[in-house]
Amino acid sequence: MVGCAVALGMGAVLRRDERSTAGVQMDRRAASAAAVVRAETQRYVETLRTTAAAVGAQQTLTAGEYATVMAPLHTMKLAGATSIALVVPTGHRDVERVQRTWRDRGAHGLRLSPVGTGEHAFSVLAVPLDGGSATAGLDMMQAAAPAAVLAEARRSRDVAVSDTYQLLVDQGVPAAQRQHSFVLAAPVQQGIGQSFLGWLVLGVRGQDFMGATLRAAGSGLADLRLEADNADGRPVTVATVRDTAEGRADLRRAVEAPVADSMWTLRLAARRGSLPGADTGLPAAVAGGGVLLTLLTTVLVWVLATGRERARARVRSRTAQLVEEQSETKRQAVLLRAVLDSISDGVGVIGPDGHFLLHNPAARQILGREAAQDCGAESWQRHFGLYRPDGVTAFPTAEMPLVRALAGESVDHVEMVVRNATHPDGRVLSVSARPIDTASGRRGAVAVFHDITDRKRVETELRGFAGVVAHDLKAPLTLVSAYAELVAEALDDLAAGAGAPTLGQARQGTAKVLHGAARMQRLITELLDYTAARDATLRIERLSLPTLVDDVVTTRTDAPEQEPGARPDVFVGPLPEVHADPVLLRQVIDNLVGNAIKYTPPGQSPRIDITARTDEDGGVRIRIADRGIGIPDGEHAAVFDSFHRASNGAAHPGTGLGLAICRRIVERHGGRIEAAPNPGGGTIFAFTLPGAATHAPEPLRSAESQVSPVHVHLP
Ligand code: ADP
């Protein structure tokens with residue numbers, strides 16, 4: 001708005017300047033036109049005055065002399081001048097005399113034509129100045145205007161100018177071509193006495209007189225009109241020039257121009273636009289240009305301002321986007337970290353230099369050691385304790401899955417053993433690795449470690465399992481088929497009437513067949529128990545350990561096959577109530593009591609102590625000790641493996657699955673089972689049931705330390 005106001009203001013100022021310039025120009029033009037008009041009229045007046053003096057200087061003026069005096073006027077270019085005549089005053093009675101006088105002086109054809117009867121003034125000598133003919137003899141008094149100027153000239157003894165009127169000589173001219181004319185009259189004084197001879201009268205047609213002069217003064221830019229005030233006060237146009245171009249004149253000036261004894265008025269009218277420098281269009285250009293510039297600047301400022309705002313908005317939205325992306329990235333990172341932290345497989349990532357970038361807790365746990373940042377591939381073998389699957393050969397660095405992946409290879413399921421302080425027994429790992437592009441755009445590698453120790457053990461177990469099952473079922477089957485054949489032969493003999501020995505053989509064979517079938521049945525039962533011990537759902541409930549043990553012991557000791565005298569001597573200490581699966585716990589105790597009875601030297605009565613102790617942390621430890629054949633040193637841990645039979649137990653029937661079942665059941669309850677030599681002979685089996693106590697443990701209460709028996713001492 002300020003810019004527009006300033007531009008419009010400047011335009012207005014320039015316009016005012018132009019207007020005043022136009023005014024000044026108009027004033028100058030008016031002044032110069034007036035000066036031109038003045039100078040021109042002055043020239044006529046001076047010429048007439050000089051000529052009058054020259055005429056007056058003649059002693060006796062003849063027509064010839066008059067023509068001579070007038071001769072220079074032809075060359076003076078007196079525009080508009082029609083004729084110059086000598087007019088003499090004549091009384092009405094002197095007309096004849098004057099006519100005769102001037103005819104004598106050379107105006108041969110002169111005929112004075114008096115009008116009226118008063119005083120006359122006749123042109124007696126006349127010289128045409130416009131190339132036409134001059135008529136002498138006219139009575140100047142017949143028209144008011146020339147009569148008045150003659151009187152005035154005579155009175156003032158100087159040149160006088162008449163009002164405008166129709167020249168007497170123009171009375172024959174068509175009305176349309178008639179001009180306003182005037183006459184200049186100069187008194188002619190003759191001789192030394194300066195007697196008044198008459199007047200020298202110069203007739204001038206106004207338009208012709210001033211037309212050229214005014215055109216020069218107007219320079220084609222203004223209308224000019226020369227007005228004379230007639231005696232009646234009515235302004236009469238003497239000459240006019242219309243020069244302005246199209247359009248209405250809006251500048252006017254009027255200046256006085258003295259002509260002889262009169263004061264004429266010169267009027268100028270011009271159109272402002274036609275004056276040079278008066279209407280240049282500059283103000284409009286300045287105002288328009290200024291407004292345009294202001295508007296452009298405004299638009300520019302607006303564009304810049306809003307552009308900045310737009311840029312700010314873009315920055316804001318980009319920042320918000322970045323923040324969102326950042327939080328999304330963080331969320332992803334947290335998610336990734338959570339996934340890595342929660343999965344059971346170990347994940348480790350190394351950079352191009354072979355150093356660990358990250359590894360998850362599972363990797364730490366599986367490898368057993370922290371992966372140090374500065375730990376390069378060449379030191380991994382020693383750092384983690386990595387071996388080939390045989391467990392003894394150091395794993396070569398070049399074959400390590402991560403090293404191969406770093407070289408661009410995809411590696412799957414490479415098995416290795418990790419053995420260190422955390423895993424003294426060693427764990428079997430399956431490692432897969434892939435090359436990856438790290439954030440820096442360079443190659444790294446990622447590895448996944450899967451602990452397959454348990455799977456390997458199961459595989460090994462299964463292999464042994466298959467072998468043993470095949471062997472242990474095959475042996476009794478062979479026996480069964482052999483003895484069945486024997487029985488068949490005996491039956492044939494019997495049918496043929498053969499003797500008693502054959503019947504005895506048949507009986508013995510039948511017994512063997514039954515025995516073999518029983519062995520196979522037991523093996524199958526135990527195999528089912530072994531599987532059930534792993535797969536059966538645990539049904540933990542509160543149960544009375546004394547009742548359970550009582551039931552087992554009674555069942556075992558009341559077995560019909562027991563030889564008299566070999567009755568077990570069972571000591572049962574105080575036992576608590578526990579939380580456990582009754583069926584599975586009964587199986588454990590039954591196995592242990594059964595073994596204690598079974599692995600007693602022949603002829604010796606089994607001696608069994610069953611005690612329990614409640615731990616401070618709410619666990620219950622149950623101990624079953626015997627005085628049997630014992631387990632050879634170094635085999636106390638192995639007897640818990642499936643199908644393992646101690647080297648000294650071959651004489652006793654068995655499958656080698658009983659203790660494996662016990663271990664499974666105890667471990668499923670979260671406890672541990674172990675065997676140890678019983679000082680003084682025999683074996684002590686002990687197992688724990690964590691959190692199985694039904695009451696808050698009483699401090700220092702130890703059932704084992706109490707000696708008073710509460711239950712059986714079977715005969
Ligand atoms: P099984 O008794 O059917 O052979 P077990 O798994 O019950 O299988 O026992 C594994 C081995 O441990 C037995 O073969 C035996 O050599 C030994 N063993 C188990 N209990 C005793 C015990 N109370 N005294 C001596 N040796 C035992």
Side-chain angles (χ1 to χ4, degrees), residues 457 460-461 464-465 467-473 475-476 515-516 518-534 549 552-553 555-557 559 561-562 566-572 584-611 622-668 672-687:
R457 194 171 57 216
T460 313
E461 212 171 54
F465 208 79
V468 171
V469 167
H471 172 265
D472 283 19
L473 283 178
H515 179 71
R519 260 186 76 186
M520 287 193 291
Q521 200 173 19
R522 190 165 64 241
L523 180 62
I524 288 168
T525 306
E526 290 200 356
L527 275 174
L528 287 174
D529 286 347
Y530 185 63
T531 311
R534 189 186 63 195
V549 169
V552 169
V553 169
T555 310
R556 280 285 179 184
T557 52
E561 68 266 20
Q562 292 293 336
R567 288 244 167 216
D569 178 8
V570 182
F571 168 79
V572 180
L584 297 178
L585 187 59
R586 182 196 165 86
Q587 209 172 349
V588 173
I589 292 172
D590 184 56
N591 263 331
L592 295 177
V593 171
N595 277 354
I597 295 170
K598 187 165 69 177
Y599 294 104
T600 302
Q604 192 178 316
S605 174
R607 162 77 205 229
I608 308 167
D609 289 342
I610 303 174
T611 56
I622 299 161
R623 206 175 81 134
I624 296 171
D626 64 55
R627 292 282 174 201
I629 60 169
I631 296 170
D633 286 346
E635 292 190 47
H636 287 94
V639 292
F640 294 101
D641 292 343
S642 51
F643 302 111
H644 185 91
R645 309 206 65 214
S647 51
N648 62 344
H652 305 268
T655 59
L657 276 173
L659 288 180
I661 293 170
C662 290
R663 183 167 71 177
R664 260 193 187 170
I665 292 173
V666 170
E667 284 179 354
R668 286 199 65 192
R672 283 178 61 80
I673 186 166
E674 58 200 10
N678 198 357
T683 314
I684 299 173
F685 286 90
F687 65 94

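Counting starts at 1 for both ligands and their atoms, in listed order. Quick caveat, the model's predicted, so the values are computed rather than measured.
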| Are V593 and T557 close enough that some pair of their side-chain heavy atoms sits under 4.5 Å apart? | no
| remark: heavy-atom search around atom 26 (N) of ligand 1 in the protein gives I631 CG1, 3.4 Å
| request: Identify, for atom 12 (O) of ligand 1, the protein heavy atom at the shortest distance, and state residue, atom and that distance. | output: V639 CG1, 3.5 Å
| Closest contact, heavy atoms only, H652 versus K598 | ND1-O, 3.0 Å
| field | Where ligand 1 meets I629 - atom numbers and elements under 4.0 angstrom, heavy-atom basis | value | 25 (C)
| note | Closest non-hydrogen atoms of Y599 and R645, given as atom of the first, atom of the second and distance, are OH-NH2, 3.0 Å
| Please state which protein non-hydrogen atom is closest to atom 3 (O) of ligand 1 and give its distance, to 0.1 Å? | T655 N, 2.7 Å
| field | ligand 1 atoms in contact with L657 (distance to a heavy atom under 4.0 Å) | value | 6 (O), 8 (O)
| query | What pair of heavy atoms forms the shortest contact from D529 to I661, and how long is it? | reply | CB-CD1, 3.6 Å
| field | Residues, nucleotides or ligands: over 12 heavy atoms within 6.0 Å of R668 CZ | value | yes
| said: Suppose we measure from atom 4 (O) of ligand 1 to each protein heavy atom; which comes out shortest, and what is that distance? | reply: R645 NE, 2.6 Å
| query | Who gets closest to atom 8 (O) of ligand 1 by heavy atom: G654, G656, A646, A638? | reply | G656
| query | Atom CD1 of I597 and atom CG of L592: how far apart are they, to the nearest 0.5 Å? | reply | 11.0 Å
| note | Nearest non-hydrogen contact to atom 7 (O) of ligand 1 from the set N595, I684, L592, D626 belongs to N595
| query | Heavy-atom contact under 4.0 Å between G630 and ligand 1? | reply | yes
| task | Would you mind checking if R556 and D590 are paired as a salt bridge, meaning a charged N to carboxylate O distance below 4.0 Å? | result | yes
| Closest contact, heavy atoms only, N678 versus D626 | ND2-O, 3.0 Å
| query | Is the closest heavy atom of F685 to ligand 1 under 4.0 Å? | reply | yes
| Close approach, K598 and ligand 1, non-hydrogen under 4.0 angstrom | yes
| field | For atom 5 (P) of ligand 1, the protein heavy atom that lies nearest, with its residue and separation | value | L659 N, 3.7 Å
| task | Work out which heavy atom in R607 is nearest to a heavy atom in F571; give both atom names and the distance. | result | NH2-CB, 4.1 Å
| Shortest protein heavy-atom distance from atom 10 (C) of ligand 1, along with the residue and atom involved | H644 O, 3.3 Å
| request: Considering non-hydrogen atoms only, spot the tightest contact between A533 and R664 and give its length. | output: CB-CB, 4.0 Å
| So is there a nitrogen or oxygen of A660 less than 3.5 Å from a nitrogen or oxygen in ligand 1? | no
| request: Could you pull out, from F643, Y599, Y530, the option with a heavy atom nearest to atom 21 (C) of ligand 1? | output: Y599
